[in-house]
Asker: 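Please find one structure pasted underneath; my questions will follow.
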Amino acid sequence: MAMRGRPRRGPAEEKEFMERVLEINRVSRTVKGGKRIRFRALVVIGDGKGRIGYGVGKSSDVSGAIGKAVTDAKKNLIKVFIKGTTIPYEVRSRYKSAEILLKPAPTGTGVVAGSVLRVVLELTGIKDVVGKVIGASNKLSNTVATVKALGELIDPKEVLLRRGIGKSKSTEKAKS
């Protein structure tokens, strides 16, 4: 017996990253025949376990712009060092006129931040942090500055090892 209608699909597959569209702008350029309308999308993706990326895409339709932005975001992924549910230390970052300040917070505080800062921190998987956007209100500049600030976070033990202050396990075994 032949099946009629649409074929049945199995359960929806789990996506690797959560996606959030931060901004969709309609942009136009003037040409000889009039104006060409396009759309620009700013998208942030994250897995909630310390990986985050952002992307910008342009297309003649909104869904195409979002698709291109997601592809761009997957190319620009970074790994963020998270200490428990917060960040290990205070960090400041600048991009153009946007300045971002992130401070660690005690467990249970939540994400105390506004605008794109909150979205980026939640997608990263950081649960307790205080953040402040200083300067620009431009969503793209603030997103870039936030991702840059998160990229600057590294394990303090790793810093000590780089400076030669901490003892690595291989040098301890060699001395024994």
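In what follows, residues are counted from 1 in the order of the sequence shown.
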Asker: What residues form a salt bridge (charged side-chain N to carboxylate O under 4.0 Å, His left out) with R20, not counting sequence neighbours?
Answerer: none
Asker: Which pairs, with at least one residue in residues 84-102 and sequence neighbours excluded, count as a side-chain hydrogen bond (donor to acceptor under 3.5 Å, both in side chains)?
Answerer: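 Qualifying pairs: T85-D128, R92-E99, R94-E99.
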Asker: Which pairs pass side-chain hydrogen bond (donor to acceptor under 3.5 Å, both in side chains) with one or both residues in residues 32-43, sequence neighbours excluded?
Answerer: E23-R40
Asker: Should L150 and V159 be counted in the same cluster of Ile, Leu, Val, Met, Phe, Trp and Tyr side chains packed under 4.5 Å apart?
Answerer: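 Yes, it is one cluster - the side chains of L150 and V159 are joined through contacts under 4.5 Å.
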Asker: Could I get the full list of salt bridge (charged side-chain N to carboxylate O under 4.0 Å, His left out) partners for R29, not counting sequence neighbours?
Answerer: none
Asker: If you measure from NZ on K127 to OG1 on T109, what distance do you get to the nearest 0.5 Å?
Answerer: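 Rounded to the nearest 0.5 Å, the NZ-OG1 separation comes to 13.5 Å.
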Asker: For a quick test of reading the model, state the closest non-hydrogen atom pair linking P88 to L153 and the distance between them.
Answerer: CD-CD2, 4.2 Å
Asker: Restricting to side chain to side chain contact (heavy atoms under 4.5 Å, CB included), what partner residues turn up for V133, sequence neighbours left out?
Answerer: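 With neighbours one apart ignored, the set is I100, L117, N142.
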Asker: Is F39 reachable from V21 through a run of I, L, V, M, F, W or Y residues, each pair having side-chain heavy atoms under 4.5 Å apart?
Answerer: yes
Asker: Give me the atom names and distance for the closest heavy-atom approach of T124 to V120.
Answerer: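 Shortest heavy-atom contact: OG1-O, 2.7 Å.
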Asker: Filter on salt bridge (charged side-chain N to carboxylate O under 4.0 Å, His left out), then keep only pairs touching residues 153-165, sequence neighbours left out; what's left?
Answerer: E158-R162
Asker: Return each pair, listed once, that meets salt bridge (charged side-chain N to carboxylate O under 4.0 Å, His left out) where at least one residue sits in residues 131-154; pairs must be two or more places apart or across chains.
Answerer: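 Sorted pair list comes back empty.
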Asker: In the hydrophobic clustering (ILVMFWY, side-chain contacts below 4.5 Å, transitive), which residues join V31, or is it alone?
Answerer: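 For V31, no cluster forms, as it stays isolated from other hydrophobic side chains.
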Asker: Mind listing the closest non-hydrogen atom pair of A41 and A69 along with its distance?
Answerer: O-CB, 3.7 Å
Asker: Report the hydrophobic cluster partners of V130, with the cluster defined as I, L, V, M, F, W, Y residues connected by side-chain heavy atoms closer than 4.5 angstrom, directly or transitively.
Answerer: V112
Asker: Give every residue pair that meets the side-chain hydrogen bond (donor to acceptor under 3.5 Å, both in side chains) criterion with at least one member in residues 44-58, sequence neighbours excluded.
Answerer: E16-R51, D47-R51
Asker: What pair of heavy atoms forms the shortest contact from L102 to A149, and how long is it?
Answerer: CD1-CB, 4.1 Å
Asker: Using only atom types and a distance under 3.5 Å, with no angle test, would you say the side chain of N138 pairs donor to acceptor with the backbone of L140?
Answerer: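 A pair under 3.5 Å: yes.
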Asker: How would you list all residue pairs meeting salt bridge (charged side-chain N to carboxylate O under 4.0 Å, His left out) that involve residues 70-84, not counting sequence neighbours?
Answerer: none
Asker: Write down the atom of A145, the atom of A98, and the distance for their closest heavy-atom approach.
Answerer: CB-O, 4.2 Å
Asker: Quick one: do L101 and V80 end up in the same hydrophobic cluster if we chain Ile, Leu, Val, Met, Phe, Trp and Tyr together by side-chain heavy atoms under 4.5 Å apart?
Answerer: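 Cluster IDs for L101 and V80 differ.
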Asker: Going from CD1 on I52 to CG on L121, what distance comes out if it is rounded to the nearest 0.5 angstrom?
Answerer: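 I52 CD1 to L121 CG: 8.5 Å, rounded to 0.5 Å.
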Asker: With sequence neighbours excluded, what pairs up with S63 under the side-chain hydrogen bond (donor to acceptor under 3.5 Å, both in side chains) test?
Answerer: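 With neighbours one apart ignored, the set is D61.
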Asker: Quick check against the 3.5 Å criterion: does T71 have a side-chain atom that pairs as donor or acceptor with the backbone of G67?
Answerer: yes
